[in-house]
Amino acid sequence: MDKVIIIGFNGQDGQLLSRYLKDDYIIGITRDKIIDLRKNEIFKINSYSKEAVFELINKYKPDYLYYLAGYHHSSEEMQSDNVYLLEQSNFTHFLLYGYYLEAIRKFSNKTRVFYAASSLIFGYPEKPVQDEKTPVNPQCVYGITKAAGFFLGRYYREQFGIFVSNGVLYNHESSLRRGGFLFPKIIKTALAIKKGDAKELLLGDLDAVTDWSSAKDVVLAFKKILQSDSPDDFIIASGEGHTVRELVEIVFSFLGMDYKKYVKEDKSLLKRKKPVLIGNPEKLMKKTGWKPSSDFKSMVINILKDFTNG
C-alpha cells in the first residue's frame, strides 16, 4: 500500500484523485486540517507553517505527494486588491510548495512529487497549440506564480535528484468545479432556466476558444505521470479547442432548449483578456499511455448528467 499526500485535498482535483487512489493510504491536506483517510482521523493544522510542513513530511515520509493547491479566480472575476492577489498566489503556488520540496529533500528524498502548473504560464503564445517546448512567458499573476513553482520543481529535480514532475494543466471540468467559473456557470444557469428559476444567461464572449478536458481524465494523468520511469514535464490537455458557443449549444440542446432564446453576450463581463490556449498532449500519451476517455460532446453531457444527479 502506497502512502500518498494530496495538498489541496478539498478541491476538485484532490477529491477526484482520492477516488482513483482509494486503495492507497491517503493523507489529505487542507488549509487547516490533516485528513488521515486510512485511520479515519482529522487533525487541526496550520498548513501554511514551515514547521508543520516539515513535521508532516518527516512523520509520514510519503511515496507520492501531489501538490494541487491553487489560488483561483476566473476571467469574469475582478480582483480589487492586487497586493493581496500577489501575496496569496505567490505563497500558494511557490513559497508553500518550496516548504514541501525542502522537507522532502531533508526527510523523504525518495518521495515522488507532482506539481499542478497551468497553461497560463505560456501567456499569449505565438502558436495556437502549445507543447513542452513552448516558451514560458506568463502575463498574469496566476501564471507568473505558477511558472515560479514550475521552475522551482525543476530546480529540485536537477540539483538534488528529487523525482519532481510538472503537469501543465489546461481547463478541466467536473460537477465538483466551483460556481464562479464559466463551465459550471453555464450548466447551473441552464438548469435554472429549465426549472423556471432563471430567465437568461449572460456571457462575455461566445466565440472564445478553450481547450476543455474532463477533470476525471486529467487526474488520472497525474497518477500515470508519477508512475513513469523518470520525472519530466507534461502538457495535460485534450488537444482540441472549442468555443463557448459550442459548449452552450450542447448544454441547452441536451436540456431541450434553443440557447439563442436565453443566452446574451455582454463584453463588459470580461475583466481581463483570455488567451487562446490549446495543449498538445502527444508527449504524455506516448510516455504514459494516457488519452481522453471521450469526445468533447460526450464529456459535456456526462458532466451535465453528474450535475443533475448530484
Side-chain angles (χ1 to χ4, degrees), residues 4-21 26-31 47 53 62 64-74 88-101 104 111-122 130 132 134 136 138 140-157 162-174 176-178 181 183 210-228 231-238 277 279 281 283-284 288 290:
V4 179
I5 290 180
I6 301 175
I7 315 299
F9 177 73
N10 57 346
Q12 168 187 256
D13 294 354
Q15 292 181 59
L16 291 172
L17 180 62
S18 68
R19 298 175 188 176
Y20 279 118
L21 305 177
I26 299 173
I27 302 98
I29 309 298
T30 69
R31 290 185 179 184
S47 68
V53 170
Y64 301 98
L65 183 142
Y66 294 88
Y67 194 90
L68 310 181
Y71 183 73
H72 298 282
H73 66 293
S74 77
Q88 294 298 309
S89 299
N90 180 63
F91 186 81
T92 304
H93 304 153
F94 177 74
L95 186 58
L96 181 60
Y97 178 47
Y99 294 167
Y100 279 99
L101 289 174
I104 286 167
T111 298
R112 294 189 172 202
V113 180
F114 176 85
Y115 180 74
S118 165
S119 59
L120 292 177
I121 67 172
F122 297 132
Q130 301 82 51
E132 291 79 6
T134 300
V136 175
C140 65
V141 169
Y142 188 89
I144 291 167
T145 52
K146 279 290 188 178
F150 176 92
F151 285 121
L152 185 64
R154 275 190 180 178
Y155 170 73
Y156 271 82
R157 182 170 75 205
I162 305 298
F163 192 114
V164 181
S165 285
N166 289 308
V168 181
L169 276 57
Y170 285 64
N171 287 63
H172 51 290
E173 310 292 340
S174 77
L176 297 175
R177 177 76 116 155
R178 71 180 179 88
F181 285 84
F183 202 99
T210 298
D211 183 332
W212 278 294
S213 294
S214 163
K216 294 178 182 179
D217 289 344
V218 167
V219 298
L220 181 58
F222 301 172
K223 179 180 178 180
K224 286 182 174 290
I225 286 170
L226 287 195
Q227 291 176 335
S228 298
D232 209 337
D233 305 325
F234 296 93
I235 298 291
I236 307 179
S238 75
L277 297 167
K283 178 180 174 181
L284 173 66
T288 71
W290 176 90

Residues at least two apart in sequence or cross-chain that pass salt bridge (Lys or Arg N to Asp or Glu O under 4.0 Å) with Lys224, listed by chain then number, are none

Could you pull out all residues at least two apart from Thr92 that satisfy side-chain contact (heavy atoms from CB on, under 4.5 Å)? Ala69, Tyr71

Residues two or more places apart in sequence or in another chain: which of them pass side chain to side chain donor-acceptor pair (under 3.5 Å) with Lys216? Asp306

Applying side chain to side chain donor-acceptor pair (under 3.5 Å), can you list everything that pairs with Asn171, at least two apart in sequence or on another chain? none

Who pairs with Arg31 by salt bridge (Lys or Arg N to Asp or Glu O under 4.0 Å), at least two apart in sequence or on another chain? none

Once side chain to side chain donor-acceptor pair (under 3.5 Å) is applied, do any residues pair with Ser119, and if so which ones, sequence neighbours excluded? none

Holding to side-chain contact (heavy atoms from CB on, under 4.5 Å), I want the full list of residues that pass it with Phe91, two or more places apart in sequence or in another chain. Tyr48, Leu95, Leu96, Tyr99

According to side chain to side chain donor-acceptor pair (under 3.5 Å), who are the partners of Asn90, at least two apart in sequence or on a separate chain? none

Can you name the salt bridge (Lys or Arg N to Asp or Glu O under 4.0 Å) partners of Arg112, sequence neighbours left out? none

Those residues at least two apart in sequence (or on a different chain) that pass side-chain contact (heavy atoms from CB on, under 4.5 Å) with Gln15 are Leu176

Who pairs with Asp217 by salt bridge (Lys or Arg N to Asp or Glu O under 4.0 Å), at least two apart in sequence or on another chain? none

Across all chains, not counting sequence neighbours, the side-chain contact (heavy atoms from CB on, under 4.5 Å) partners of Ser213 are His172, Asp211, Val218, Ser238

